[in-house]
Amino acid sequence: MRKFYITTPIYYVNDRPHIGHAYATFSADTIARYHRLIGEPTMFLTGTDENAEKNVESATAAGETDVQHYIDRMSALWQVTWDELGISNDDFIRTTEERHLRGVEKFWQAVEQSGDIYKGQYEGLYCIGCEAFYRESDLTPEGLCPLHKRKPELVKEENYFFRVSKYKDALLRYHNEHPTFAAPASRRQEVLRYITDHLEDVSISRTAKGWGIPVPGDASQVIYVWFDALINYLTAVGYGTDDETFAKWWPADMHLVGKDIIKFHCALWPAMLLSAGLPLPAQVFAHGFFTISEEKISKSLGNAIDPRDLVETYGVDALRYFLLREIPFGGDGDFSIERLAGRYDSDLASGLGNYVSRILALTKGVEMLTVGNDLKVVFDETWKSYHRHFAANEPGRVLEVIWQVLKEGDRYIDECAPWALKKDAEKTDELAVVLGTLIESLRQLAWLLTPFMPETAMKIFTSLGWQDELKRSLTEASVWGAQTHGPVVATTDPLFPRLTA
RNA sequence: CGGGGGGUAGAGCAGUCUGGCAGCUCGCGAGGCCCAUAACCUCGAGGUCGCGGGUUCGAAUCCCGCCCCCCCAACCA
């Protein structure tokens, strides 16, 4: 049976989760839920990146003397956030965990054995804040780091280098043979150009300063953070610790990343895997970035939004819906409270919520229900586009077709006017068919919504009295009319209460 | 300098690959319905598809040139 292994980036532990991180994680979560829905064994991984040298400084700044303690606290913040947001990750990897250290060590040795690690001289102006080297021309006129406004140190040290250049042709060949490896297509050109023009051997270690993973066999050096960070995708599924699990999940099917790190994932990462003799992932998908009310999300602007604040007002599902519907997947977009509120009112309160509400109200007290076929074709067709759009990595399109079917349903109610049938004793049979059909549309709708709005889907099933519905397989449940038991209609609070007073 | 994306109705977007009446959501106007969360349905107004050329029976779409905006490169998903 096919399996599905999807990852998010591991997040820098000294950041705080903001709406952009939540977007990446919600996206991965939705895709993971979809694959579970269609019955594939699914592994959904996220985690935190904890070996950066900068953490020592951040800990001090936060008034902590014990770096590990600081890291534990910050990592927990991420885990709690994802828990509160209902993220369905199957694992959470921390790069300070023992399983990661062991895997990284094994990986380093594998690369070393391929002859791809050598010692070289590294010299440059280094800003500890950026953890990056600068050229003189990059600095401010005063010779300061443009970002941190501090004087970079002249660092001259002997480091270990990874022979990426050796894999240039192999990488190009791989991209050529797997044109969807770097996705969306609009990113491909950028990656290929980078490999062709700029792929040089890279330094993969730094002088040890008390934090980071020691280079195997040379404790005076630690592994440069990005090199160890990428390996999380392997160590989380057992590389170096559990061969059986590793064989089950690797290679990954989808690395979901931000567009800023696509080069790492599409050039350096596959080169590392080739060197270590491991199979390459099927796809690296770069989601876009969005602005907040037309402004970049940035620490200096301080406009980062904590997703949990939004959830308090709108609920998790509304936020998920908004982000996946409004931001084209793989493209950039803009986020604003006004737009979120607008989608909430029109699509969720007036659209979905109202649809559920009017059907439940109409059905209340009606005993006899028969599922008719008036909406069968519409839903059958919807399922087809549903799978097609998911396969094409277009979750926004999926939501579009779901909302189209909702419109069909509303139209059907108006055409049949069940409230009128209700008043006519001669039309009991007709009423039973109309209401039965509508109830079935709710059941199907809830199934369609499951990956996007898990809470809402569950609420719909609960209000129908079908709490166990999700235990069925989709193959069985997506068949029109496949109701296992008669509906026990319960009253329910509005799914999306109107917020505007 | 180099690489990428975009400019389509008042707002936000799809359509461009594979040329064929210019479409969606919100907002606006009129009518209908009255089950429902001031919700739902129908109809309508509103667009020189950034500009200029070219190819074609036919161009938002293909080709050439130009203008403007944004991103990456360089914190940040």
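All chains are named by letter (A, B, ...) in the order of the sequence lines, taking the proteins before the strands, and each is independently numbered beginning at 1. Computed from a prediction, not measured in an experiment: that's the story for all the values here.
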### Task
For RNA chain B, determine which residues of residues 346-354 of chain A have any heavy atom closer than 4.0 angstrom to one of its atoms, and list them numerically.
A/S346, A/A349, A/S350, A/G353, A/N354
### Message
Heavy atoms from C-beta onward define the side chain here; which of B/C35, B/A77, B/C72 lies closest to that of A/I261?
### Response
B/A77
## Note on the structure
Assert: residue with more 5' nearest nucleotide on RNA chain B, out of A/L495 and A/V191, is A/V191
### Message
Work out how far the P atom of B/G58 is from that of B/G53, and round it to whole angstrom.
### Response
16 Å
### Query
Is A/P494 touching bases, backbone alone, or none of the nucleic acid, heavy atoms closer than 4.0 Å?
base
### Query
How about A/H255 and A/W269: does a side-chain donor come under 3.5 Å of a side-chain acceptor?
yes
### Task
Please determine, by modelled atom types, if A/T25 and A/Y11 share a side-chain donor-acceptor pair under 3.5 angstrom.
yes
### Atom pair distance, as rounded to whole Å: CZ in A/R325 and C1' in B/G12
12 Å
### Message
Could you check whether any side-chain heavy atom of A/H175 comes within less than 4.5 Å of a side-chain heavy atom of A/C266, counting everything from C-beta outward?
### Response
yes
### Task
Compute whether any side-chain donor of one residue and acceptor of the other, for A/H387 and A/Y34, lie under 3.5 angstrom apart.
yes
### Task
Could you check how far CZ of A/R498 sits from C1' of B/U37, rounded to whole Å?
5 Å
### Query
Taking the same atom, P, in B/A45 and in B/A22, what whole-Å distance lies between them?
14 Å
### Query
Which nucleotide, in any strand shown, forms a Watson-Crick or G-U wobble pair with B/U42, with both distances under 3.5 Å?
B/A30
### Query
Looking at B/G12, B/C72, B/A39, which one has an atom nearest to any side-chain atom of A/R339?
B/G12
### Query
Which nucleotide in the set B/C33, B/A38, B/U42 lies at the smallest distance from any side-chain heavy atom of A/K407?
B/U42
### Phosphate-side-chain proximity, A/R397 and B/G15, N/O vs OP1/OP2 below 4.0 Å
yes
### Summary
Atom CZ of A/F264 and atom P of B/A73 are separated, to the nearest Å, by 10 Å
### Task
Please round to the nearest 0.5 Å and tell me the distance separating atom OH of A/Y314 and atom CG of A/D309.
11.5 Å
### Query
Less than 4.0 Å between a side-chain N and a carboxylate O, is that true for A/R173 and A/D169?
no
### Task
Among A/I413, A/D374, A/L360, A/V433, find the one that has a side-chain contact (heavy atoms from CB on, under 4.5 Å) with A/L438.
A/I413
### Task
Have a look at A/Y12 and say if it touches a base, only the backbone sugar-phosphate, or nothing, with a 4.0 Å heavy-atom cut-off.
sugar-phosphate
### Message
Side chain of A/K263 only, heavy atoms from C-beta on: which candidate in B/C35, B/A77, B/A73 is closest?
### Response
B/A73
### Audit row: A/Q444, A/E440, side-chain hydrogen bond (donor to acceptor under 3.5 Å, both in side chains) steps and yes/no
CA-CA 6 Å; A/Q444 296 253 336; A/E440 174 63 4; 3.2 Å; yes
### Message
Distance alone, cut at 3.5 Å: any donor-acceptor contact between the side chains of A/D317 and A/T456?
### Response
yes
### Task
Using atom OH of A/Y194 as one end and atom C1' of B/G2 as the other, report the distance to the nearest whole Å.
14 Å
### Task
Considering only atom P, compute the distance from B/G7 to B/C57 and round it to an integer number of Å.
29 Å
### Query
How far, in whole Å, is B/C21 from B/G15 if one measures between their C1' atoms?
15 Å
### Task
For the pair A/R206 and A/E53, evaluate salt bridge (Lys or Arg N to Asp or Glu O under 4.0 Å) and give the outcome as yes or no after the intermediate values.
CA-CA 9 Å; A/R206 288 288 178 270; A/E53 199 179 285; over 6 Å; no
### Query
In terms of side-chain heavy atoms of A/K259, which of B/G12, B/C35, B/C71 is nearest?
B/C71
### Query
Given the C1' atoms of B/G52 and B/C41, what is the spacing between them in whole Å?
46 Å
### Query
If you measure from the C1' atom in B/A9 to the same atom in B/G3, how many Å do you get, rounded?
34 Å
#### Entry: Nucleotide B/C35, atom P - distance to CG of A/D414 in whole Å
12 Å
### Query
Is A/G258 touching bases, backbone alone, or none of the nucleic acid, heavy atoms closer than 4.0 Å?
sugar-phosphate
### Nucleotide B/C41, atom P - distance to CG of A/L406 in whole Å
9 Å
## Note on the structure
Whole-Å distance, A/H389 NE2 to B/C24 C1', equals 13 Å
### Query
From the list B/A77, B/G12, B/C34, which nucleotide is the closest neighbour of the side chain of A/P9?
B/A77
### Message
Nearest to the side chain of A/H21, heavy atoms from C-beta on, is which of B/A39, B/C76, B/C41?
### Response
B/C76
### Message
Under 3.5 Å for both donor-acceptor distances, Watson-Crick or wobble: does B/C75 have a partner, and if so which one?
### Response
none
### Separation between the P atoms of B/G27 and B/A39, rounded to whole Å
8 Å
### Message
In this structure, how many angstroms lie between the C1' atom of B/A14 and the CG atom of A/L399, rounded?
### Response
15 Å
### Message
B/U25, OP1 or OP2 - any side-chain N/O from A/R343 closer than 4.0 Å?
### Response
no
### Query
Among B/C72, B/U25, B/C33, which is the nearest nucleotide to the side chain of A/W419?
B/C33
### Query
Looking at B/A77, B/A38, B/U42, which one has an atom nearest to any side-chain atom of A/R411?
B/U42
### Query
Mind checking the C1' distance from B/A60 to B/U18? Whole angstroms is fine.
15 Å
